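Ligands are counted one by one from 1 in listed order, and the atoms in each one are counted from 1 as well. In this text, all values refer to a predicted model and were calculated from it rather than measured experimentally.
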Amino acid sequence: MENIDIAKIFEEVADLLEIQGANPFRVRAYRNAARTVETLSVPVVSLLKKEASALEELPGIGKDLAGKIQEIVETGELRMLKELTAEIPEGLVEMMRIPNLGPKRAKQIYDELKIESLDGLEEAIRDGRLRELRGFGETLEAKILQGIEEQKARGGRVRLAEADAYVRPFVEYLREGGCRLIAVAGSYRRRRETVGDVDILVATKKAKAFADRFVHYPQVKQILAHGETKCSVVLRSGLQADLRIVPEESYGAALHYFTGSKPHNIAIRTLGVKRKLKINEYGVFRGSRRVGGRTEEEVFAAVGLPWIPPELREDRGEIEAARAGRLPTLVELKDIRADLQMHTTYTDGKNTLAEMAEACRARGYEYVAITDHTQAVRVAGGLTREGFKKQFREIARLQEKLDDIVILRSAEVDILHDGRLDLDEATLAELDLVVVSVHSKFNMAKEQMTKRVVRALRHPRVHLFAHPTGRIIGRREPYPLDLEEVIRVVKEHNVLLEVNAQPDRLDLNDLAVKMAKDAGVKIVINTDAHRIEELDNTRYGVDQARRGWCEAKDVANTYPLKEFRKLIAK
Ligand code: DGT
Ligand code: CA
Ligand code: CA
Ligand code: ZN
């Protein structure tokens, strides 16, 4: 149980209390507690271990809230939240989650128009009832409609990192039930940025007992199907999980089939047909004779191919590459030697420079870049020239004590609306690594935005373009940008492109990574961490780089520092 999880529970309690029209002081108490817990530099769990009363010394945490924190840590949930959730219509909670609505407005809509679903809300906007409420107008209506659409478009898809958080303990639990082989297949295994549902595959001799164990997982909210070899459930998080139990001799064929993607499967099956083979989830067959299917390798070998990594199985040329012996040796997490975007308490980070550097050292990195914001990013408290000077001095002092990691002087320099950089030349000249990115005016026309970005990328001191499309999965579309043009320009000016590993950014995405690679542009996988724990998100960036066919040599932060410096030299 991490601080952020506890904070989330308190935020949700506050939202639900607000919907119920609870005393505003009570609502605020939960919001404050959420903030206190979230910004705490040590895990709450460790405080509790020392002594339970340590919590009460935190700002805004009294006896009552301390008790609730203890309950969350001990049981993994809060009874009060469960009760609140049961009291409030589900649709109302959905409405509350729409950006620009929030609990207050959702409640107002519920009270005055008796609406308690997204469909009802959409209807009320279309027939003009919503704008009659106090405080609602056309602009807000448009934003709400967009929010509803985005929510629907997401179609219940879950970000990969979130799915990970639910899947790992589930698989752990299933393993304890005893099985020879278990895997999570589907889009999860292919490491798609979002997953629709998770597909769990198991080979076991005790199928019936295993299926029972599956549907009795304590996090199961609803059982959709409960057969002896096939089950399907919805977890409390809303994530659907399907289970398939197969005999060991079919395991490889089933793993291949349920890993997908569907177009990849069809292509493989078609290759089989040409060789007079039938390939399905039960095995590889010639007539009625089984000729393979115990392992995935056997399935591929049956059609004359080497094993293909799941991340490539999208029918985007992997079969041709495999046949030609040209499959890439995909980059791995252990290849990464540096993290080149992170924030500290100098701006909007939660940990100090020293803490971040030490955490990177502990992760075995060889070098690291500290990339605090520049002034234009006001919400983050961007640094002035003086601020950077102070930071450089601290880096120099810190470096004297650390001989196994190099701290690069860097900055995430904001690209101003006209493409100029938000930092003076003298400071830019002192940076080891100049990272640039867009943080404002996302609604420019494509041509104008491309011009703006290209101007910045042509600046002779720029090394790396961070979160190049600005998208936030499920919340913000990429800004209009001619990515092909950007790739041409960075190729010409020797600028690297980032794969930002924040689970809701993953920016560049897999397809764009492939475009960059094909153009001979190198990428950098960065966490953009705002706290120590987020430094562990690198693997989600690696996933997308692999889906973009990247080898270690395509990823600049897999190079030793000396080589990296040569790579970025202008
Ligand atoms: P998702 O869940 O939407 O993120 O995507 P997947 O790829 O996990 O799709 P899902 O869960 O519907 O099915 C899992 C795999 O099963 C899919 O990747 C390929 C295989 N599969 C499902 N339906 C078919 C089908 O009609 N034909 C073939 N060849 N394979 C299928
Ligand atoms: Ca799936
Ligand atoms: Ca499925
Ligand atoms: Zn940023």
Side-chain angles (χ1 to χ4, degrees), residues 151-168 170-171 174 182-203 211 214-215 217 220-227 229-235 237-246 250-275 277-285 292-293 296 299-300 302-303 305 307-316 318-319 473-474 503-504 506 509-511 540 543-544 546-547:
Q151 185 132 329
K152 283 188 175 164
R154 235 171 299 159
R157 298 191 70 84
V158 175
R159 284 171 300 151
L160 183 57
E162 209 175 317
D164 252 345
Y166 303 129
V167 165
R168 288 214 179 112
F170 195 10
V171 169
L174 290 173
I182 181 167
V184 184
S187 51
Y188 179 88
R189 183 162 180 242
R190 302 197 313 279
R191 309 311 282 163
R192 268 192 68 179
E193 61 187 36
T194 60
V195 304
D197 67 4
V198 291
D199 307 279
I200 300 175
L201 182 70
V202 164
F214 181 83
V215 299
Y217 182 47
V220 166
K221 183 168 79 176
Q222 195 187 355
I223 300 173
L224 302 174
H226 183 182
T229 59
K230 228 170 130 173
C231 298
S232 193
V233 297
V234 181
L235 300 181
S237 57
L239 186 65
Q240 186 180 320
D242 297 342
L243 172 72
R244 284 298 190 110
I245 303 176
V246 299
S250 293
Y251 185 77
L255 181 57
H256 178 260
Y257 181 91
F258 291 110
T259 296
S261 66
K262 197 167 153 181
H264 168 93
N265 287 356
I266 292 171
I268 294 286
R269 202 169 47 206
T270 309
L271 284 181
V273 170
K274 285 188 192 143
R275 296 175 175 233
L277 295 171
K278 192 170 86 194
I279 300 176
N280 57 28
E281 62 265 52
Y282 305 105
V284 181
F285 302 91
E296 273 195 327
V299 176
F300 286 111
V303 291
L305 298 178
W307 182 83
I308 299 176
E311 293 91 334
L312 299 182
R313 300 184 197 169
E314 298 290 346
D315 195 22
R316 293 179 187 154
E318 73 277 12
I319 292 172
I473 298 174
D504 57 357
L506 302 180
N509 70 9
D510 52 356
L511 288 173
Y540 296 106
D543 287 337
Q544 298 314 306
R546 288 169 64 88
R547 287 180 55 82

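The Arg269 neighbourhood of ligand 1 comprises atoms 29 (N), with distances under 4.0 Å to a heavy atom of that residue. Atoms of ligand 1 found under 4.0 Å from any heavy atom of Gly196 (numbered from 1 in listed order, with element): 1 (P), 2 (O), 3 (O), 4 (O). Taking every heavy atom of Val195 and a limit of under 4.0 angstrom, the matching atoms of ligand 1 come to 4 (O). Under a 4.0 Å criterion applied to the non-hydrogen atoms of Arg157, ligand 1 contributes the atoms 1 (P), 3 (O), 4 (O). Interface atoms of ligand 1 facing Thr259, defined by a heavy-atom separation under 4.0 Å, are 18 (O). Residue Gly186 approaches ligand 1 through these ligand atoms, each under 4.0 Å from one of its heavy atoms: 8 (O).
Annotation for Val158 and Ala163: closest pair CG1-N, 3.7 Å, computed over non-hydrogen atoms.
In this structure, Asp164 contributes its side chain and Val167 its backbone to no donor-acceptor pair below 3.5 Å.
The Ca ion (ligand 3) lies at the vertex of an angle of 80° between the OD2 atom of Asp242 and the OD2 atom of Asp197 (rounded to 10°).
Counted by atom type alone, Asp197 and Tyr188 present zero donor-acceptor pairs between their side chains at under 3.5 Å.
When only non-hydrogen protein atoms are considered, atom 6 (P) of ligand 1 lies nearest to Ser187 N, 3.7 Å. Here the protein heavy atom with the shortest distance to atom 2 (O) of ligand 1 is Asp197 OD1, 3.0 Å. For atom 22 (C) of ligand 1, the nearest non-hydrogen atom of the protein is Tyr257 OH, 4.4 Å. When only non-hydrogen protein atoms are considered, atom 17 (C) of ligand 1 lies nearest to Gly260 CA, 3.9 Å. Shortest contact from atom 15 (C) of ligand 1 to any protein heavy atom: Phe258 O, 3.3 Å.
Using a 4.5 Å cut-off on side-chain heavy atoms (C-beta onward), Phe300 and His256 make contact. The shortest side-chain heavy-atom distance between Phe285 and Asn280 falls under the 4.5 Å cut-off. Using a 4.5 Å heavy-atom cutoff, the side chains of Lys230 and Arg244 are in contact. Ile268 has its side chain within reach of Leu305: a pair of non-hydrogen atoms, C-beta onward, lies under 4.5 Å apart. Considering only heavy atoms from C-beta on, Asn509 comes within 4.5 Å of Glu193 through its side chain. Side-chain contact between Gln240 and Ser232 is present, with at least one heavy-atom pair separated by less than 4.5 Å.
Put simply, no part of Val198 is less than 4.0 Å from ligand 1, judged by heavy atoms.
Of the candidates Arg191, Arg547, Arg192, Glu314 forms a salt bridge (Lys or Arg N to Asp or Glu O under 4.0 Å) with just one, namely Arg547.
For the Ca ion (ligand 2), the set of nearby N, O or S atoms under 3.0 Å includes one belonging to Asp199.
Checked for salt-bridge contact, Arg190 and Asp510 miss the test: no charged N lies under 4.0 Å from a carboxylate O.
Distance check on atom 9 (O) of ligand 1: every protein heavy atom falls at or beyond the 4.0 Å cut-off. Within 4.0 Å of atom 12 (O) of ligand 1, not a single protein heavy atom is present.
For the residues Arg190, Lys262, Glu193, the heavy atom positioned nearest atom 7 (O) of ligand 1 is part of Arg190.
Considering backbone and side-chain N/O atoms, Asp199 comes within less than 3.5 Å of an N/O atom of ligand 1.
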